[in-house]
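Each chain gets a letter, A, B and so on, in the order the sequences are listed, and its residues count up from 1. Reckoned from all heavy atoms, side chains included, excluding hydrogens, waters and symmetry mates.
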Amino acid sequence: MSDTDSHFSALRMGQGEMGGSSDGGSDDNIDWNTEDEIEIEKYPVSCCSREAAGPSNTKLFDHFVGMGFSEKLVSRAINENGQENTDLILESLLTYAAIEDSPQEQQIGIVLSVCDNASSDYEENLLDDSSDFDSDSDSEGIYNPSSEEKKMTFLTEMGYTMNEASIAMERCGADASEAELADFICAHQMSKAEDALLPEEKPLPWLSVDDFRKSKKRKFLRYDSCKRNTIRDKKPMCEDDEPIRLPNPMVGFGLPTDSCSQLTHRNLPEPAIGPPYFYYENVALAPKGVWDTISRFLYDVEPEFVDSKYFCACARKRGYVHNLPIHNRCPLRPIPPLTISEALPMTKRWWPNWDTRTKLNCIQTCVGSAKLTERIRKALEDYNGEPPLYIQNYVLNECRKWNLVWVGRNKLAPLEPDEVEMLLGFPRNHTRGGGISRTDRYKSLGNSFQVDTVAYHLSVLKDLYPGGISLLSLFSGIGGAEVALYRLGIPLKNVVSVEISEVNRTIVRCWWDQTNQKGNLIDFADIQQFTAEKLEQLISAVGGFDLVVGGSPCNNLAGSNRYHRDGLEGKESSLFYHYFRVLDLVKSIMSKDQ
DNA sequence: GCGATGATGAAGCGCCGA
DNA sequence: TCGGCGCTTCATCATCGC
């Protein structure tokens, strides 16, 4: 198994289910003469306009060879189409590849060479996709093959074929980001998958860019009938053509405290059905469109939005995309304190009656400063416990903003790290010791799961895996999923943890040792180095994963980020695509092994 | 160099009144 | 229905002290 197998895994949803031949026929279902060609005219291929500025013949030749086509085919295509119209050349090349009787291995070889040569550029691709375009625009008229190749590399690393990548780049144009290109291909694959369900098979045209951009949900329309009994129907504002909107109240498929409102069944899209089970988490209040993209990538599974204030004494609005069963959920015992006064009883004595908070806001990675609490103390001390309304409003605003609690007369303070641990469902001192600074504790905790909430969702696994579970934990952080499973009483047979922060890996390792786990814990630092080969070895060693958990970085999604709230294209948050990549690889490898 | 501290808006949504 | 307002938000960066 190699990286290129993801090529097939990405096609699995469409090609495999179409029953298409495997003899190099990845494009058998593509209608190369669709009306969409008209659309192409509206979205000129970047390379064409650049070539028109006057690239040399050699450069043109090298360009297509660099894309992975054989010299023979490139010569033939240039001879047949001339040097002016690179659209035609590219289309000819793709057609040759599609109709050629060459074995698939040849195409795999193309993909492999691109991946290998460009692996070192991969991170840069993820981070700098927009900057590529900027530089292009700066040098208007000058052809820059590296930008195109970087996108090609990105897409092939994602597991798409060269042909799919080329077509997507052609259709979406030069201004398309890597994510948009991947989304475009994904849309086509899903469409093929759905067409496989139709009695009459026919070649499926690629979506036109216009259609794709105007109605990204088009490809999923046929799932509508499956969704009629799902939570979506409980949200009348959530039409298929509308972006995903957050439910109010944010209770997901139901709360343990309200059995009447619990949803016990949903129909998952076919490609989403395990094994393995997967569970993805991120901030609910992400920029518009982010959850639509996440949902589309994760097999069109409807996100479950839950505010942890229903599970503990602090709010934590998160979206969860998973394919777990949703019946027979049960909460962790003991039920944690649900109000501030229950969670922090020593604050009751000092809590003024005009501070009506019963829940804390979302716990973040930073805490209020000592100067702030001192300013508040001074503002309050002249009023003997009954400050005027404007002072009350000022204080309450700061309290909500920084999650301050009353620790004395006129005295507020930020939460201590161990209090945060308790509120989030971790054992006391989970993040303490081992050379970890106080700042790092806050940071790690602020980025973690709320254990009780996650455990409620994962509780359905207890009956399914009485003998224990093998877990692939991506972006593990301080081990929220591991702690949740442990507290549920689900034995951890094997845990493969991927976490970039050494501090966090240390925390998980210490917890693992201190709780006398009997299973195996293997940790890795960088998900970007988590290759198909490595995955295959791990899957072979542990006998497959039962659950793939991950909450990719939210830095560029969170409202608190006033500098780089760039959505899924942001430096850190773009790592979501690696969650999808790894999950899809695991699904592919495990489906082959079965 | 590292950790702690303090200053720094804006996006998105719900609510409410016109 | 629409616009104004209030509320919330897994953060980032510059600076300081050790």
All N/O donor-acceptor pairs, side-chain side in residues 404-414 of chain A, below 3.5 Å, sequence neighbours left out:
residue	atom	partner	partner atom	Å
A:Trp406	NE1	A:Asp355	OD2	2.7

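Atom NZ of A:Lys401 is separated from atom P of B:dG6 by 14 Å (rounded to the nearest Å). Look at CE on A:Met250: it is 15 Å from P on B:dG12, rounded to the nearest Å. Rounded to whole Å, atom C1' of C:dC10 lies 18 Å from atom NZ of A:Lys309. Atom CG in A:Leu246 sits roughly 7 Å away from atom P in B:dG14 (whole-Å rounding). Rounded to whole angstrom, the span from the NZ atom of A:Lys371 across to the P atom of B:dT8 amounts to 12 Å. Distance A:Arg565 CZ to B:dG9 C1': 11 Å, rounded to the nearest Å. Protein atom CD of A:Glu398 is 12 Å distant from nucleotide atom P of C:dC7, rounded to whole Å. Atom CG in A:Leu557 sits about 17 Å away from atom C1' in B:dC13, given to the nearest Å.
With hydrogens and angles ignored, the 3.5 Å screen pairs no side-chain donor or acceptor of A:Gln514 with any backbone N or O of A:Trp511.
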Sugar-phosphate or base contact per nucleotide [nucleotides 11-18 of chain C; S, B, -; heavy atom under 4.0 Å]:
BBS-----
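For A:Ser437, the listed nucleotide lying nearest its side chain is B:dG3; candidates were C:dC7, B:dG14, B:dG3. Checked against C:dC10, B:dG6, B:dC13, the side chain of A:Arg318 finds its nearest nucleotide in C:dC10.
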Output field dot_bracket for DNA chain C (Watson-Crick or G-U, both distances under 3.5 Å, | for other-strand pairs) contains |||||||||.||||||||
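Applying the ring-ring contact (aromatic ring centres under 6.0 Å, His included) rule to A:Phe524 yields the partners A:Phe530; only residues at least two apart in sequence or on another chain are considered. Qualifying ring-ring contact (aromatic ring centres under 6.0 Å, His included) partners for A:Phe278, counting only residues two or more places apart in sequence or in other chains: A:Tyr299. For the ring-ring contact (aromatic ring centres under 6.0 Å, His included) test, no residue two or more places apart in sequence or in another chain qualifies with A:Tyr310. Remark: A:Glu482 pairs with no residue by the salt bridge (Lys or Arg N to Asp or Glu O under 4.0 Å) rule, at least two apart or across chains. With sequence neighbours left out, the salt bridge (Lys or Arg N to Asp or Glu O under 4.0 Å) criterion links A:Asp523 to A:Arg509. In this structure A:Tyr579 satisfies the ring-ring contact (aromatic ring centres under 6.0 Å, His included) test together with A:Tyr280, sequence neighbours excluded.
When only modelled atom types and interatomic distance are considered, A:Thr431 and A:Ser444 share no side-chain donor-acceptor pair under 3.5 Å.
Atom name P, nucleotides C:dC10 and B:dG6: the rounded distance is 23 Å, in whole Å.
Between A:Lys288 and B:dA11 there is no side-chain polar atom (N or O) within less than 4.0 angstrom of OP1 or OP2.
Judged by closest nucleotide on DNA chain B, A:Ser369 is the one of A:Pro287 and A:Ser369 placed further toward the 5' end. Positionally, the nearest nucleotide of DNA chain B for A:Gly435 lies more toward the 5' end than for the other of A:Val367 and A:Gly435.
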Working note: A:Lys378 + A:Glu381, criterion salt bridge (charged side-chain N to carboxylate O under 4.0 Å, His left out); need CA distance, chi angles, decisive distance, verdict.
CA-CA 5 Å; A:Lys378 285 182 174 171; A:Glu381 67 183 0; over 6 Å; no
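No hydrogens or angles were tested; on distance alone, nothing pairs the side chain of A:Arg400 with the base of C:dC7 as donor and acceptor under 3.5 Å.
Residue pairs satisfying the side-chain hydrogen bond (donor to acceptor under 3.5 Å, both in side chains) criterion with at least one member in residues 342-351 of chain A, sequence neighbours excluded, are absent. Among pairs with a residue in residues 360-371 of chain A, those fulfilling side-chain hydrogen bond (donor to acceptor under 3.5 Å, both in side chains) read A:Gln364-A:Ser560, at least two apart in sequence or across chains.
Nucleic acid contact for A:Arg375: sugar-phosphate only, since backbone atoms but no base atoms lie under 4.0 Å from a heavy atom of the residue. Among the heavy atoms of the strands, none lies under 4.0 Å from A:Gly477. Heavy atoms of A:Ser552 sit under 4.0 angstrom from at least one base atom.
Remark: aromatic rings of A:Trp291 and A:Phe305 are close, center separation under 6.0 Å.
The stretch residues 413-431 of chain A has no heavy atom under 4.0 Å from DNA chain B, so no residue of it qualifies as close.
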